[in-house]
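A short write-up of the structure that comes next.
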Amino acid sequence: MSTQYDPEAIELAAQKHWDDSHCFEVGEDPDKEKFYCLTMFPYPSGKLHMGHVRVFTISDVIARYQRLQGKHVLHPMGWDAFGMPAENAAIKNQVPPAKWTYSNIEEMRGQLNRLGYGFDWRREVTTCRPEYYRWEQWLFTRMFKKGLVYRKNSVVNWDPVDQTVLANEQVIDGRGWRSDALVERREIPQWFMKITDYADELLDELDRMPGWPDSVKTMQRNWIGRSEGVELSFDVKGEDDPLTVYTTRPDTLFGVTYMAVAAEHPLATKAAAANPDIAAFIEDCQKTDAAEATLETMEKKGMPLGISAIHPLTGDEVPLWVANFVLMSYGTGAVMAVPGHDARDWEFAKKHDLPITQVIAPADGSDIDIDEAVYVDKGVTVNSGKYDGLDFESAFNAIADYFEETGRGRRTINYRLRDWGVSRQRYWGTPIPIIYCDDCDAVPVPEKDLPVVLPEDVTVTGAGSPLKDMPEFVDVACPNCGKDARRETDTFDTFVESSWYFARYACPDAADAMLDERAAYWTPVDQYTGGIEHAILHLLYSRFFQRVMRDEGLTDVSEPFTNLLTQGMVLKDGAKMSKNKGNTVDPQELIDRYGADTVRLFMMFAAPPEQALEWSDDGVQGSFRFLKRFWSAVTDHVEGGRAGDVDAAALNDAQRDLRRKTHQTIAKISDDIGRRHSFNTAVAAAMELLNAVNKLDDASEQGRAVVREALEAVVIMLSPMVPHICHELWSALGNESSLVDERWPEVDESALEMDLVELVVQVNGKLRGRVSVASDADKDTIEAAALGDDNVQRFIDGQAIRKVIVVPRRLVNVVV
RNA sequence: GCCCGGGUGGCGGAAUUGGUAGACGCAGCGGACUUAAAAUCCGCUUCGAGAAAUCGAGUACAGGUUCAAGUCCUGUUCCGGGCACCA
């Protein structure tokens with residue numbers, strides 16, 4: 001064999017071997033323990049970027065590791081193929097989105113193969129294909145029949161110049177990205193899915209998901225935002241209907257000094273009709289984009305409506321304001337303001353000179369000045385009439401009881417979570433399978449007429465969906481009454497496609513059903529890997545869809561992803577790699593120069609998977625250098641012929657030390673990959689072992705035997721990260737088998753035993769010496785040895801020893 | 001603004017359950033090999049003092065708990081992710 005490490009030759013040979021043996025194509029085998037390893041599928045944007053390489057390598061490492069553990073591993077790949085970039089490319093280059101997308105997929109599939117990922121390509125799923133999206137349309141019509149979808153008006157960003165709806169991403173500093181016009185909020189009818197019907201289940205189940213990071217579970221809990229509160233009615237002077245507000249702090253009710261409604265609220269609309277200033281203010285409120293971050297960070301503005309509500313307990317008049325920070329989409333679109341005990345209300349009251357009343361006092365009796373600082377903690381009620389002197393819970397219950405008894409309010413549970421708006425005014429997406437008839441209203445497309453196929457031969461101009469100008473698409477007979485009717489031209493949010501693709505991989509060719517019995521074998525996903533940026537939306541929508549599919553009888557599984565790994569971004573010069581910033585590194589160039597294994601190794605070694613990874617050209621060099629050392633360590637060894645087996649009883653000290661290191665390393669790497677997903681430390685441990693192998697200059701029979709044992713272990717254990725070089729070295733070591741069919745090495749506990757251990761000795765917590773003691777030495781022996789150290793005695797310096805703390809096999813701390 | 005992370009040598013990072021701060025690698029410095037360069041190999045490498053032994057300081061900042069804190073607690077600060085139409 002060649003002594004020169006030639007990555008391209010060995011990588012192409014290894015890839016050919018995997019292809020020819022079809023080793024990554026898996027069927028269902030009920031006798032084997034299955035492991036479904038999945039990565040978030042990519043949007044086919046053109047070429048692979050470093051973020052892709054990172055996430056797919058992590059996933060491939062886990063998949064290959066689990067296979068070496070003897071599991072039956074499914075590792076599929078597909079394409080999240082609908083989305084805005086295809087339309088943007090279409091406008092720019094005059095290429096139909098479909099054509100652009102399919103050619104990107106071809107390019108990227110080739111790159112994935114060159115990186116040596118062990119995907120089962122027979123299961124490839126492409127979401128823009130009718131065979132895929134027809135089932136999503138089908139499920140939507142089932143949800144329609146169950147009342148799980150509905151249509152209502154909701155807010156979009158409107159570009160008044162381009163006369164088109166903009167995504168939040170297309171709004172830059174409140175202006176349209178092409179027209180530069182000030183964006184307006186506008187309401188249009190859109191379809192919604194009732195994810196709120198599942199809010200409690202989605203929330204409660206988080207407590208039983210040990211395989212997810214706590215941070216993601218916390219984010220989802222906060223996003224769902226379940227709160228227990230009270231709905232209260234305030235009479236409004238001159239109005240028949242009362243104004244209803246929701247509060248989680250009814251204990252502060254006596255502190256209400258004003259109320260505020262959203263700009264879209266009917267009371268505001270009514271007041272605007274009579275007052276041009278208010279009308280102007282409301283119009284001004286519309287001149288902003290719809291993103292919550294914008295609303296929350298912009299200057300809090302408001303205006304009195306000139307009408308008053310009546311405080312339900314005191315009978316006082318409370319002025320009504322319209323304010324830009326009240327959201328029509330949350331709660332009732334109106335809030336009661338308690339400036340003494342709510343930070344935002346306090347600031348607003350200060351600014352507009354509204355009264356601030358203290359109605360809660362600190363429970364510890366300390367004094368506060370409510371004019372100086374807001375007090376938001378729970379405490380004891382004051383200035384609250386007959387409700388004075390109550391703690392939070394008593395006040396909450398007393399006031400809630402009063403409102404329920406008088407029929408003016410009720411205890412209620414509120415969610416921050418809103419129903420999922422799935423309509424998009426875009427072309428390149430799944431057509432929403434609805435037909436509008438003047439007589440029958442919105443009618444779902446019957447199952448026999450599915451899929452509603454998206455025409456692919458179109459010209460995209462950027463001014464609205466081209467579907468609107470295609471009578472052959474739009475004009476259709478009502479499935480109910482046969483009258484002339486119009487097809488919906490909006491398409492689904494692309495999150496709909498990504499909310500169930502993981503299940504479809506189990507049975508991508510199922511022609512008669514969304515899922516078949518193969519899904520029961522493979523789902524749920526055992527290990528899901530993807531970007532932390534998907535911590536809420538994609539992962540929550542998928543959990544919702546899984547339950548919708550369950551309730552449709554398609555599966556018994558409720559939670560789609562048992563274990564979740566969220567990987568960090570790839571940065572260069574401290575910023576995310578992106579075309580905009582011009583700081584991208586093309587993975588293909590590095591593959592051409594160093595080979596796929598070097599790129600994979602650097603990705604795994606440079607940072608733990610959850611953290612951001614700082615790109616380093618020098619670091620890539622280092623990974624390449626390591627692989628060259630690895631290559632020559634093995635090829636040098638096999639030049640001496642195949643070494644025999646280890647005879648543990650015949651080893652000298654140096655041989656025993658290396659063998660101990662080998663088995664310590666097996667234990668460490670197994671734990672690092674299998675449990676901790678700490679790939680960087682696993683690689684470091686393999687490097688250390690290889691350094692130790694290179695230091696042992698011993699051509700004796702047992703010397704070569706312990707080296708072979710170490711090298712074989714390293715070859716197997718590094719193979720998930722650098723599969724090609726390991727494939728080649730495995731056969732170089734004289735093995736007939738294919739490495740992918742091997743088993744992970746086992747720890748020989750007897751090799752780990754040690755006679756002596758080194759302990760650290762501290763005096764008052766500071767390191768002052770080291771002692772070697774027998775590994776089974778008792779506390780007194782250890783103490784005596786520690787006190788016998790010269791430097792330790794120097795620091796004790798005759799002072800009285802107050803305490804000696806002995807931590808077995810670690811340290812001794814002498815407290816004087 | 002709100003929610004979730006993170007901050008450790010010149011750099012990426014390690015320290016897994018509160019117990020030796022800096023594993024492993026990069027860069028740098030010194031040496032070997034070479035006519036020379038590249039490649040490779042060996043040694044040193046947190047900062048300060050010292051010939052050395054060793055000592056002092058040190059994990060964003062300010063406090064606290066503990067025999068012992070990078071790790072736990074309180075407050076601050078900076079950076080990143082998400083905020084419902086980017087994917």
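Chain naming here is simple, since letters A, B, ... match the order of the sequence lines and numbering starts at 1 in each.
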*asked:* Taking the minimum atom-to-atom distance to the side chain of R675(A), which one of rU16(B), rG1(B), rC67(B) wins?
replied: rU16(B)
*Does N168(A) have a side-chain nitrogen or oxygen under 4.0 Å from the phosphate oxygens OP1 or OP2 of rA84(B)?*
yes
*Scan N791(A) against the nucleic acid and name what it touches under 4.0 Å (heavy atoms): base, sugar-phosphate only, or nothing.*
sugar-phosphate
*Have a look at F795(A) and say if it touches a base, only the backbone sugar-phosphate, or nothing, with a 4.0 Å heavy-atom cut-off.*
sugar-phosphate
*asked:* In this structure, how many angstroms lie between the P atom of rC85(B) and the CG atom of D289(A), rounded?
replied: 13 Å
*asked:* With no hydrogens and no angle check, just 3.5 Å: does a side-chain donor-acceptor pair link R543(A) and Q220(A)?
replied: yes
_Rounding to an integer number of angstrom, what distance separates rC4(B) and rG12(B) when you compare their P atoms?_
27 Å
_R424(A) side chain near rC85(B) phosphate (N/O to OP1/OP2, under 4.0 Å)_ = yes
*Of E688(A) and A291(A), the one whose closest RNA chain B nucleotide lies more 5'*: E688(A)
_P608(A), nearest nucleotide to its side chain (from rA87(B), rG13(B), rA21(B))_ = rG13(B)
*asked:* Students often mix this up, so state it plainly: with edges at 30° and 60°, are the rings of F544(A) and Y198(A) parallel, tilted or perpendicular?
replied: perpendicular
_My understanding is that a pair needs two contacts under 3.5 Å, Watson-Crick or G-U wobble. By that rule, which nucleotide pairs with rU35(B)?_
none
*Watson-Crick or G-U wobble partner for rG70(B), using a 3.5 Å limit on both distances?*
none
*Whole-Å distance between rG13(B) C1' and E610(A) CD?*
14 Å
_Roughly how many Å apart are rG30(B) and rA14(B), using the P atom of each and rounding to a whole number?_
31 Å
*Identify the nucleotide, in any strand shown, that forms a Watson-Crick or G-U wobble pair with rG9(B), with both distances under 3.5 Å; if there is none, say none.*
none
_Phosphate OP1/OP2 of rA87(B) contacted by T494(A) side-chain N/O (<4.0 Å)_ = yes
*Under 3.5 Å donor-acceptor pair, Q170(A) side-chain atoms to rC85(B) base atoms*: no
*Hunt down the Watson-Crick or G-U wobble partner of rU45(B), both distances under 3.5 Å, from any strand shown, or write none.*
none
*Classify the glycosidic conformation of rG9(B) as syn or anti, calling it syn when the angle lies within 90° of 0.*
syn
*Could you give the distance separating rU20(B) and rC86(B) at their C1' atoms, to the nearest angstrom?*
48 Å
*For the pair made of CG in L690(A) and P in rC41(B), what is the distance, rounded to whole Å?*
11 Å
*M569(A) has an atom CE; how far is it from atom P of rA87(B), in whole Å?*
18 Å
_With ring pair (Phe, Tyr, Trp, His ring centres under 6.0 Å) as the test, pick out the partner of F602(A) among F679(A), Y594(A), W615(A)._
W615(A)
*Can you tell me how far C1' in rC11(B) sits from the matching atom in rG5(B), rounded to whole Å?*
22 Å
*Rounded to the nearest angstrom, tell me the gap between atom NZ in K572(A) and atom C1' in rC79(B).*
20 Å
*What is the pairing partner of rA23(B), taking Watson-Crick or G-U wobble pairs with both distances under 3.5 Å in any strand?*
none
*Report yes if a side-chain nitrogen or oxygen of R810(A) is closer than 4.0 Å to either non-bridging phosphate oxygen (OP1 or OP2) of rA15(B); otherwise report no.*
no
*Base rC85(B) paired with Q190(A) side chain (donor-acceptor, <3.5 Å)*: yes
*Looking at every strand, decide which applies to W420(A) at a 4.0 Å heavy-atom threshold: base, sugar-phosphate, or nothing.*
nothing
*Say you pick atom C1' in rC85(B) and the same atom in rU74(B); how far apart are they, in whole Å?*
41 Å
*Examine rA68(B): is either OP1 or OP2 under 4.0 Å from a nitrogen or oxygen in the side chain of K766(A)? Give yes or no.*
no
*Taking only the side-chain nitrogens and oxygens of R768(A), find out if one of them lies under 4.0 Å from OP1 or OP2 of rG56(B).*
yes
*asked:* Between rG18(B) and rC73(B), how far apart are the two P atoms, rounded to whole Å?
replied: 11 Å
*Does R185(A) make a cation-pi contact with W158(A) (under 6.0 Å, within 45 degrees of the axis)?*
no
*Give a yes or no on whether a salt bridge exists between E758(A) and R810(A), defined as a side-chain N under 4.0 angstrom from a carboxylate O.*
no
*asked:* Rounding to an integer number of angstrom, what distance separates rG58(B) and rU46(B) when you compare their C1' atoms?
replied: 8 Å
*Does N813(A) have a side-chain nitrogen or oxygen under 4.0 Å from the phosphate oxygens OP1 or OP2 of rG19(B)?*
no
*Indicate yes or no for a side-chain donor-acceptor contact from Q611(A) to the backbone of P608(A) under 3.5 Å, with no hydrogens or angles considered.*
no
*So does R629(A) reach the base of rU40(B) with its side chain, donor to acceptor, closer than 3.5 Å?*
no
_Closest-nucleotide 5' rank along RNA chain B - winner of E292(A) and T218(A)_ = T218(A)
*Spacing of Q621(A) atom CD relative to rU40(B) atom C1', expressed in whole Å*: 14 Å
*Any idea how Y5(A) and W631(A) line up, ring-wise: parallel (<30°), tilted (30 to 60°), or perpendicular (>60°)?*
tilted
*R593(A), CZ: over 12 other non-hydrogen atoms inside 6.0 angstrom*: no
*Would you tell me if any nitrogen or oxygen in the side chain of Q611(A) comes within less than 4.0 Å of OP1 or OP2 on rG13(B)?*
yes
*asked:* Once you apply a heavy-atom cut-off of 4.0 Å, does Y43(A) come out as touching a base, just sugar-phosphate, or nothing?
replied: sugar-phosphate
_Protein-nucleotide distance (W615(A), atom CH2; rC26(B), atom P), rounded to Å_ = 15 Å
*Distance-only, no hydrogens or angles: does the Q762(A) side chain make a donor-acceptor pair with backbone N or O of N764(A) under 3.5 Å?*
no
*Is rA53(B) paired to anything, Watson-Crick or G-U wobble with both distances less than 3.5 Å, and if yes, which nucleotide?*
none
*May I ask you to say what V216(A) touches in the nucleic acid, namely base, sugar-phosphate or nothing, with a heavy-atom cut-off under 4.0 Å?*
nothing
*asked:* Counting only Watson-Crick pairs (N1-N3 plus N6-O4 or O6-N4) and G-U wobbles (N1-O2, O6-N3), all under 3.5 Å, who is the partner of rC86(B)?
replied: none
_Applying a 4.0 Å non-hydrogen cut-off, can you work out what L417(A) is touching in the nucleic acid: base, sugar-phosphate, or nothing?_
base
*Which part of the nucleic acid does A612(A) contact within heavy-atom distance under 4.0 Å: base, sugar-phosphate only, or nothing?*
sugar-phosphate
_Checking base pairs now: Watson-Crick or wobble, both atom distances under 3.5 Å. What partners rU16(B)?_
none
*Base, sugar-phosphate alone, or nothing: which one does K628(A) contact when heavy atoms must sit under 4.0 Å apart?*
sugar-phosphate
_Any base atoms under 4.0 Å from H534(A), or only sugar-phosphate, or nothing? Heavy atoms, all strands._
base
*Reckon K217(A) touches a base, only the sugar-phosphate, or nothing at all at heavy-atom distances under 4.0 Å?*
nothing
*Hey, mind stepping through K668(A) and E688(A) against salt bridge (Lys or Arg N to Asp or Glu O under 4.0 Å) and telling me if it holds?*
CA-CA 12 Å; K668(A) 167 139 181 78; E688(A) 271 191 72; over 6 Å; no
_Interatomic distance, K576(A) NZ vs rG81(B) P [rounded to whole Å]_ = 7 Å
*asked:* Between rG9(B) and rG70(B), how far apart are the two P atoms, rounded to whole Å?
replied: 14 Å
